[in-house]
Amino acid sequence: MIQILSGIQNTTAALDAERTRLDVISENIANAQTTRGPDGKPYQRRIVAFETALQQALGSHQGAQTTGPQVARISKDTRAPIQVYEPEHQDADARGMVAMPNINIHEEMADMIAASRAFEANLAVVKNSRAMAMQTLAIGKR
Amino acid sequence: MIEAIFNQPNYLAAKKTLDAVALRQEAIGANLANLETPGYKRVDLAPAFQRELERACASREPGQFASLKPTLAVDPTAMPHGLDGNTVSLEQEMMQLNQNMITHTLETQLVTGTLQKLRMAITGKS
């Protein structure tokens with residue numbers, strides 16, 4: 001098949017992966033106060049890790065290959081829950097301490113900005129490739 | 001006679017540069033796609049292509065251009081910015097993306113100009 005927008009599948013993979021990352025960040029923010037999940041424990045922060053297929057070694061006939069990223073895994077942050085003194089809370093222990101999820105809202109906001117900027121950068125590539133393809137199609141026209 | 005027009009070194013160089021620009025767009029797209037991938041090394045056009053293109057332009061022989069083929073290579077000069085070993089910088093890639101776009105505009109206009117001159121010579125109309 002001819003490729004009019006060269007390398008667009010990598011960009012698509014990245015847009016997918018960044019969307020997943022934004023979904024996980026919003027899940028973290030939404031559950032910042034969830035003290036009891038399905039397992040009875042406070043919500044644990046989720047982390048998205050990206051991976052890419054191994055880059056082809058140098059010196060081969062075709063040169064390096066380009067690859068797009070994909071979501072490798074969504075793991076749980078193992079940092080301890082934050083203890084807050086709130087004796088009247090339903091989930092408070094004998095000392096009046098409540099285990100709050102290990103979520104720092106500032107950290108999540110910074111991650112969210114980084115993810116949306118990466119998303120925008122990939123959209124800029126799509127726009128740019130499209131403009132280039134239109135120019136190529138206009139070769140020879142006045 | 002028409003072969004002479006299509007074998008001008010400038011025209012051939014413009015064609016090869018267009019190939020290189022399309023490949024470079026793919027490289028920049030992949031770099032921006034892997035902006036957040038740990039351990040990713042940025043790719044770019046192999047520097048050998050630029051040197052060979054300059055040599056072919058200097059020789060002014062159409063045969064020299066035929067064997068030119070742009071390839072991609074991992075950029076060995078790019079340094080990792082963080083602890084994850086990723087060597088892609090968002091700002092630099094955006095600059096390269098725009099630069100690539102402008103090069104593409106230049107080369108397509110050059111090719112169009114050559115074709116229009118030929119059309120003018122045939123029809124006598126501009």
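Every chain is numbered from 1 and lettered A, B, ... according to where its sequence line falls, protein lines coming before strand lines. Atoms considered below: every heavy atom in the structure, side chains included; atoms not considered: hydrogens, waters and symmetry mates.
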field: Residue part contacting chain B, namely of A138(A), when any heavy atom lies under 4.5 Å
entry: backbone

task: Could you tell me whether the side chain of N128(A) and the main chain of N98(B) form a donor-acceptor pair under 3.5 Å?
output: no

message: Restricting to non-hydrogen atoms, name the atom on A33(B) and the atom on P69(A) that form the minimum distance, rounded to 0.1 Å.
response: O-CG, 3.1 Å

- request: Please flag which part of L90(B) lies under 4.5 Å from any non-hydrogen atom of chain A: side chain, backbone, both or neither.
  value: side chain

query: Is there a side-chain contact between E93(B) and V125(A), using heavy atoms and a 4.5 Å cut-off?
result: no

query: How long is the gap from CE on M132(A) to CG on L18(B), to the nearest 0.5 Å?
result: 8.0 Å

- prompt: Could you give the distance from CZ (F50(A)) to CG (D84(B)), rounded to the nearest 0.5 Å?
  reply: 12.0 Å

query: Would M100(A) end up clustered with I103(A) when hydrophobic side chains under 4.5 Å apart are linked, directly or stepwise?
result: no

statement: Okay, L32(B) and chain A: the region with an atom under 4.5 Å from a heavy atom over there is both

- request: Count the heavy atoms of every other residue, nucleotide or ligand shown that sit under 6.0 Å from CD of E88(A), and state whether that count exceeds 12.
  value: yes

query: Rounded to the nearest 0.5 Å, how far does CE of M94(B) lie from CD of E120(A)?
result: 9.0 Å

field: Heavy-atom proximity to chain A below 4.5 Å, by part of Q116(B)
entry: side chain

query: Do the side chains of V21(B) and I28(B) join up, straight or via other hydrophobic residues, at under 4.5 Å, putting them in one cluster?
result: no

field: Y11(B) reachable from I122(B) in the ILVMFWY side-chain graph, under 4.5 Å edges
entry: yes

- prompt: For the atom pair OG1 (T108(B)) and CD1 (I139(A)), what is the distance rounded to the nearest 0.5 Å?
  reply: 6.0 Å

query: Given that the side chain runs from C-beta out, which part of L118(B) has a heavy atom under 4.5 Å from chain A: side chain, backbone, both or neither?
result: neither

- prompt: Any link between L35(B) and L83(B) through a network of hydrophobic side chains (Ile, Leu, Val, Met, Phe, Trp, Tyr) touching at under 4.5 Å?
  reply: no

query: From S129(A) OG over to N100(B) CG, what is the distance, rounded to the nearest 0.5 angstrom?
result: 9.0 Å

field: Separation of M101(B) CE from Q135(A) CD (nearest 0.5 Å)
entry: 4.5 Å

task: Measure distances from A118(A) to the heavy atoms of chain B and classify the residue's part below 4.5 Å as side chain, backbone, both or neither.
output: both

- prompt: At a heavy-atom separation under 4.5 Å, does E18(A) approach chain B through its side chain, its backbone, both, or neither?
  reply: side chain

query: Same hydrophobic cluster for L53(B) and L45(B), using side-chain heavy-atom links shorter than 4.5 Å among ILVMFWY?
result: yes

field: Proximal component of T105(B), with respect to chain A [non-hydrogen, under 4.5 Å]
entry: both

